[in-house]
> 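Sharing a structure below in structure tokens format, with a few things to ask.
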Amino acid sequence: MPAGKEYNLCSMDPRSLLNKQQLDAVTVEGGATLVLAGPGSGKTRVLTHRIAYLINELGIPPYRILAVTFTNKAAGEMKKRLEEMVPEGAKAVWLGTFHSICVKILRREANLLPVDANFVIYDVDDQVALIKTIIQDLNLNEKMYRPSSIQATISHAKNDMIMPRDYKVRSSRDARIQEIYERYQQSLRACNALDFDDLLLAALNLLNEYPEVREKYASRFEHILVDEFQDTNQVQYELVKMLSGVHHNLFVVGDEDQSIYRWRGADYRNVLRFEEDFTDTQKILLEQNYRSTQKVLDLARAVIDRNQYRTPKALFTERGGGTQVRFYNAEDDRDEADYVVRTILAEKKKGGNPASFAIMYRMNSQSRLLEEAFMKAGMSYRLVGAQRFYGRREVKDVIAYLRLVENPKDEISIRRVINVPARKIGDKSVEKLAEVARLMESNMGAVLLELGSRGAESEVWAALERTAAPLYQFARLMAGWVAIKDQVSLPDLFDRILLDIEYQNYIQDGSEEEVIDRWGNVQELRRQAFEFEESGLSDLLANLALVSDQDTLVDKPDSPTLLTLHAAKGLEFDRVFIIGLDDGLLPHNRSIGEEEEMEEERRLFYVGITRARDQLYLVRAERRNMFGHYDNQMPSRFLQDVPDDLVNVDATPRSSSQRGYDRWESGSYRRERRSSFSQRKESYFDEWDEEATSSHAWESAQASRESRRYSGGHAAILPQQADTPQREKRIGVTYKAGMKVKHPTFGEGMILNVQLESDGEQLLDVFFADSKEKKKLAASYIKLEILD
DNA sequence: AGTAGGCCACTTTTT
DNA sequence: GTGGCCTACT
């Protein structure tokens, strides 16, 4: 579109039709703008059009615009659409996730950093591996100081901008953690590595400590736009504040109701903070939904309205009412998966496209039965995330090799691959190597390179004693790769490494029980090496570290999509299944009892619901296989808020195919004859609420539940129910809150809360004195000694 | 140094 | 039902 012409996108592209609110947002003057955008209200379109407007209409040079998205995929899509609107220039816009933008800045300013420009990025696995070596160095017990929990603690501290020296020490355990944290930071430096949180933090520190750098970027970015603002954390908020410090043109889009990353440090209160920090904030509400039918929206609203901490919104749609939401009460998790598959098959028979379906769940592990069911039916599917490609052993191995060539100081990668494939280098040899490195005030990588290039002539040969020979094998290879790294192309380097280590033989030795196409995965990685031939190893590695699950989502014809509710954010599908609507799964057990977390679980459900354009399917299972045995499940408490008149209940195949009258009437099939949803609900809930016995069982169940809900503690929500025939577990001891107990590994603790499951299982919240940690324990699986 | 077998704890969600 | 970790053996 030629500049100077009146801003009229309608003439350009039918997709560009904007409503009044959207147009207001797109053309709003500079300053601080907060766009509160409900689901399906076209916020991506608003963001893209605003950037185009800034360039085409206001003449802002593209390189002076910074736009932050939540995933790389979102950035890629936005860039593509921008290229259509701003053919030249779109490329120059800084567009990416917070993490990738920070990497870009850090690489440019690397001379001011505590690490070199070729730093590597440590993911969670690397972090845990590093923390493990530190815990071992400090002779601490890994049971008491669980590396993964320490990792989470450190990550939270970083998100709150708390450095090791600021870490609050209130106990001896805290002191230990502080020490681990401190060493962890030192080790990262020594490995020339930054972890995920560091990427943001290091960028923030850079801007804080060097006014001239801050000035440079803050003057550069005339306009800053941030998507999914409700999921920004402290550090990201500060970054944005600082970067907009010169021009003050900050345009953020968000929706509190879709904030689902609290556990990762995100704080939807940043939306409120924004209005406080930036006076004269212009607030624009996008309330028209273009995605879903009225029925879907009504349901979404009924669910989200229960949350306390939110601004009410008036979402509306001009789409018609739509079809009823369908509900299926599966016998067990197998039946649940079968229902999904047979429903999709039935639609396919009627001419529907399986690719229009998505199946969403709370936990990745729930995908397994679905996959089996699809495979049995001979249907293809696409799976988002789960056992992520980049999490596969062989992929991580090869990446580790590439990483240590780029950055020989990367000790975690050295430790990972030094004996993969096996080279007779065991723990003893690795420790010897570490010791020699320490004595020489060097690092393992440098020692290896020295050994590899000079062999027995090097002084390290003698120092390494009998481990020198096996280590030399590896060191020679490594020195060879580092020597050619800048002379050959990236794919050549890749091939050379694989050839040298005979990796194909190693992973195809046939000993694998499962048929996993490991070599195929390596080939996929090789394809990416080709893609990054121009930009180089460093960029390839950064890219590999920062891909998200959603980024791996590629179209697959005729295939339904399987994904977690988290991964579903920002996506939409014609037909959506939300499965596993069981109490304990959604909401997840670990959130039950924490008010804020329960609200987040509810938002997660809301996000799932609002992904659906036309048809929504809600599914739960009465019994579910967990830890290898079946557990009876309660219906999700969120189902209580599903209005009856929006829902049709699907019958089980048994009830529709089996006409045997007697069978109908007897035993457990009886309930299945009831077809109205509210009757259904009666039968679920009266099983877990003894007050609900009248003919208005549902209402009374709901009423009593509500009075409990507002009277506080969650323990009351799940009734201490009387025996039912379902009960399977026989428990000798009845635990009560306040009891002091002793656990064989965790030591003494106090029971904070007892939650009784339908099968008689008691879920205990126990606070352990030694570790100062709260744990959830299932009474029947552990040995607890009761202390008086 | 490598591995088989037994014991344990365990299941959120991910840039 | 699984995976990680320890131990005992080769």
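Just so you know, these numbers use all the heavy atoms, side chains as well, and skip hydrogens, waters and symmetry mates. So that the names make sense, note that chain A is the first sequence line, chain B the second, and so on, each numbered from 1.
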> B/dT15, B/dA1, B/dT14: which one has an atom nearest the side-chain heavy atoms of A/V124?
B/dT15

> For a quick check of understanding: with a heavy-atom distance under 4.0 Å over all strands, which category does A/F70 fall into, base, sugar-phosphate or nothing?
sugar-phosphate

> I need the CG-C1' distance between A/L565 and B/dT14, as an integer number of Å.
14 Å

> Whether A/N159 contacts B/dT15 is assessed here as follows: a side-chain N or O lying under 4.0 Å from the phosphate OP1 or OP2. Is that the case?
no

> At less than 4.0 Å, is any side-chain N or O atom of A/S429 found next to OP1 or OP2 of B/dA1? Yes or no.
yes

> Below 30° counts as parallel, above 60° as perpendicular, anything between as tilted: where do the rings of A/H99 and A/F196 land?
perpendicular

> Test the A/R423-A/F474 pair against the cation-pi criterion, namely NZ or CZ under 6.0 angstrom from the six-membered ring centroid and within 45° of the ring axis.
no

> Ignoring backbone atoms, establish whether A/N364 has a side-chain N or O less than 4.0 Å from OP1 or OP2 of B/dT11.
no

> Under 4.0 angstrom, heavy atoms only, what part of the nucleic acid is A/K569 near: base, sugar-phosphate, or nothing?
nothing

> Just one of A/D582, A/D631, A/D332 clears the salt bridge (charged side-chain N to carboxylate O under 4.0 Å, His left out) bar with A/R624, so which one?
A/D582

> Restricting to nitrogen or oxygen on both sides, can you table the protein-nucleotides 2-7 of chain B pairs closer than 3.5 Å?
unit_1	atom_1	unit_2	atom_2	d
B/dG2	OP1	A/K424	N	3.4
B/dG2	OP2	A/N419	ND2	2.8

> Between A/Y184 and A/Y181, is the ring centre distance below 6.0 Å?
no

> Identify whether NZ of Lys or CZ of Arg in A/R269 sits under 6.0 Å from the centre of the six-membered ring of A/Y309 and within 45° of that ring's axis.
no

> Among C/dC5, B/dT14, B/dT11, which nucleotide has an atom closest to any side-chain atom of A/W263?
B/dT14

> Return whichever of A/D427 or A/E601 has its heavy-atom-nearest nucleotide of DNA chain B closer to the 5' end.
A/D427

> Can you check whether A/T564 has a side-chain N or O nearer than 4.0 Å to OP1 or OP2 of B/dT14?
yes

> Under a 3.5 Å cutoff, is there a donor and acceptor pairing between the side chains of A/N307 and A/Y606?
no

> By centroid distance (under 5.5 Å) and plane angle (under 30°), are A/F627 and B/dT11 in a stacked arrangement?
no

> Please work out which of the three classes, parallel, tilted or perpendicular, describes the rings of A/F605 and A/F638, given edges at 30° and 60°.
parallel

> With the side chain of A/T97 defined as its heavy atoms from C-beta on, choose the nearest nucleotide among B/dT14, B/dT11, B/dT15.
B/dT15

> Can you check whether A/F98 stacks with the B/dT15 base, using ring centres under 5.5 Å and planes within 30°?
no

> Between B/dA1, C/dC5, B/dT14, which nucleotide gets closest to the side-chain atoms of A/K428?
B/dA1

